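The next block holds one structure in the form of structure tokens; read it before the comments.
Please read all numbers here as calculations on a predicted model, not as lab measurements. Within every chain, numbering begins at 1; the chains are lettered A, B, ... in the order of the sequence lines, protein sequences first and strands thereafter.
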Protein chains: 2
Amino acid sequence: MPRRHQQPGDNALAQAPAGQGLQVKGRIWLERDGQTYLSWGRVVLLERIGQAGSVAAAARSMGMSYRHAWGLVREMNQAAGLPLVERRAGGQGGGGAMLTEAGQGEVTNFWALAEQFQAWLSARRPRQPGDALPRG
Amino acid sequence: MPRRHQQPGDNALAQAPAGQGLQVKGRIWLERDGQTYLSWGRVVLLERIGQAGSVAAAARSMGMSYRHAWGLVREMNQAAGLPLVERRAGGQGGGGAMLTEAGQGEVTNFWALAEQFQAWLSARRPRQPGDALPRG
DNA sequence: CTACGATATGTTTTACAAAACATAACGCAG
DNA sequence: CTGCGTTATGTTTTGTAAAACATATCGTAG
């Protein structure tokens with residue numbers, strides 16, 4: 001698979017109303033002690049883990065390698081300081097994973113933040129290059 | 001030089017007040033017809049070209065290869081539809097470059113947007129994982 | 001006409017993240 | 001105790017953007 005991770009338009013955080021070709025884009029994420037904790041892709045992953053009941057299925061559903069998803073889950077759990085995803089290996093169905101209540105909370109919280117950001121972006125209208133500057 | 005392009009903290013757009021280790025970060029940029037037009041690094045480059053009087057000196061001053069800076073200037077001029085930077089090869093000092101009025105305007109405009117974004121980010125305070133969700 | 005320092009590009013190398021590949025271990029069902 | 005699909009990792013490959021390298025050209029000064 002060619003490298004296709006976050007292309008424009010994928011990102012719910014990146015859209016803006018487009019003032020004819022020119023648009024303000026942006027992205028937000030949460031960091032914990034300098035390392036990325038939650039971002040758009042990570043939260044989608046969490047969400048799908050919650051839906052699918054396994055990291056493997058969630059990863060498959062979004063064209064992500066299990067190896068990568070696994071690493072992200074690990075990082076997120078660690079950075080959160082408490083598990084957002086609980087996993088078990090073996091057992092019926094081979095095992096699985098589920099979002100904890102804290103994990104669900106983080107998802108909800110992040111989407112709320114994202115929505116606010118989206119609203120903020122939507123309120124901006126980029127000035128065309130060459131247009132007069134606002135007086136100062 | 002090792003690859004070090006935009007690390008956390010470099011980016012004037014990325015800071016937030018830090019709710020003890022956990023912080024909201026973000027980045028904004030302008031796109032024109034889907035391609036990046038202005039971003040933090042690009043605007044710094046423009047600014048320094050204005051100060052230094054040449055693309056080469058500006059690039060040097062920020063540890064960027066001339067080759068790369070040249071490409072960025074080219075892209076920005078093209079995407080703007082009018083020159084933000086005017087260059088001349090040869091002549092006294094070997095040549096040089098300067099910001100056009102439009103270029104200066106874009107810089108000013110971008111920093112204004114960045115400042116608004118910074119203010120927006122600063123107003124967010126991330127909820128700690130595990131904290132109760134706002135009721136809903 | 002030569003030297004200088006810049007612009008202008010083409011070409012090659014490198015660094016790194018993501019992807020791909022490869023196993024091991026787990027634990028219940030049958 | 002075997003099979004299954006998952007979690008759990010280590011290892012290798014690959015795709016890509018940036019960096020590095022290499023020239024050619026430009027135009028004024030001397």
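- At distances below 3.5 Å, not a single donor-acceptor pair connects side-chain atoms of A:S54 with backbone N or O atoms of A:G96.
- Sequence neighbours left out, not one pair with a member in residues 47-64 of chain A passes salt bridge (charged side-chain N to carboxylate O under 4.0 Å, His left out).
- Expressed to the nearest 0.5 Å, how far CZ of A:F117 lies from CH2 of B:W120 amounts to 6.0 Å.
- Applying a 4.0 Å cut-off to non-hydrogen atoms, the residues of residues 47-55 of chain B that approach DNA chain C are B:S54, B:V55, listed by residue number.
- Distance alone, capped at 3.5 Å, places no donor-acceptor pair between the A:R124 side chain and the A:Q23 backbone.
- Atom CZ in A:R60 sits roughly 9 Å away from atom P in D:dT7 (whole-Å rounding).
- Of the possible polar contacts, one joining the B:T100 side chain to the B:P83 backbone as a donor-acceptor pair under 3.5 Å is found.
- Computed from coordinates, the A:R87 CZ to D:dT6 C1' distance equals 12 Å when rounded to whole Å.
- A:Q51 meets the side-chain hydrogen bond (donor to acceptor under 3.5 Å, both in side chains) test with no other residue; sequence neighbours excluded.
- In this structure, A:M64 places its CE atom 12 Å from P of C:dA20, rounding to the nearest Å.
- For residues 75-87 of chain B, the pairs satisfying side-chain hydrogen bond (donor to acceptor under 3.5 Å, both in side chains) are B:R42-B:E75, with sequence neighbours left out.
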Item to complete: Please assess B:L30 against A:K25 for the test side-chain contact (heavy atoms from CB on, under 4.5 Å), listing each intermediate value before the final yes or no.
Response: CA-CA 6 Å; B:L30 299 182; A:K25 296 228 170 181; over 6 Å; no
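- You won't find any donor-acceptor pair under 3.5 Å spanning the side chain of A:R88 and the base of C:dG27, going by distance alone.
- At whole-Å resolution of the value, OH in B:Y66 and P in C:dA6 are 10 Å apart.
- The closest side-chain heavy-atom distance from A:L38 to A:V107 is not below 4.5 Å.
- In this view, B:R67 and B:S65, B:W70 satisfy the side chain to side chain contact (heavy atoms under 4.5 Å, CB included) rule, not counting sequence neighbours.
- One interatomic measurement links the two molecules: CH2 of A:W70 to C1' of C:dT23, which rounds to 14 Å at whole-angstrom precision.
- Counting heavy-atom neighbours within 6.0 Å of A:E101 CD, excluding the residue itself, gives a total of 12 or less.
- What separates CD of A:E86 from C1' of C:dC26 is a distance of 17 Å, to the nearest Å.
- Contacts with DNA chain D (heavy atom under 4.0 Å) in residues 73-82 of chain A: none are found.
- Closest contact between the side chain of B:A56 and the listed nucleotides C:dT11, C:dA6, D:dT6 involves C:dA6.
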Worksheet, complete the sentence: Contact string for nucleotides 23-30 of chain D, one letter per nucleotide 5' to 3', B = base within protein heavy-atom range under 4.0 Å, S = sugar-phosphate only, - = neither, reads ---BBS--
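- Straight-line distance from the CG atom of B:L45 to the P atom of D:dA18: 13 Å, rounded to whole Å.
- In this structure, the NE2 atom of B:H68 is 16 Å from the P atom of C:dA8, given to the nearest Å.
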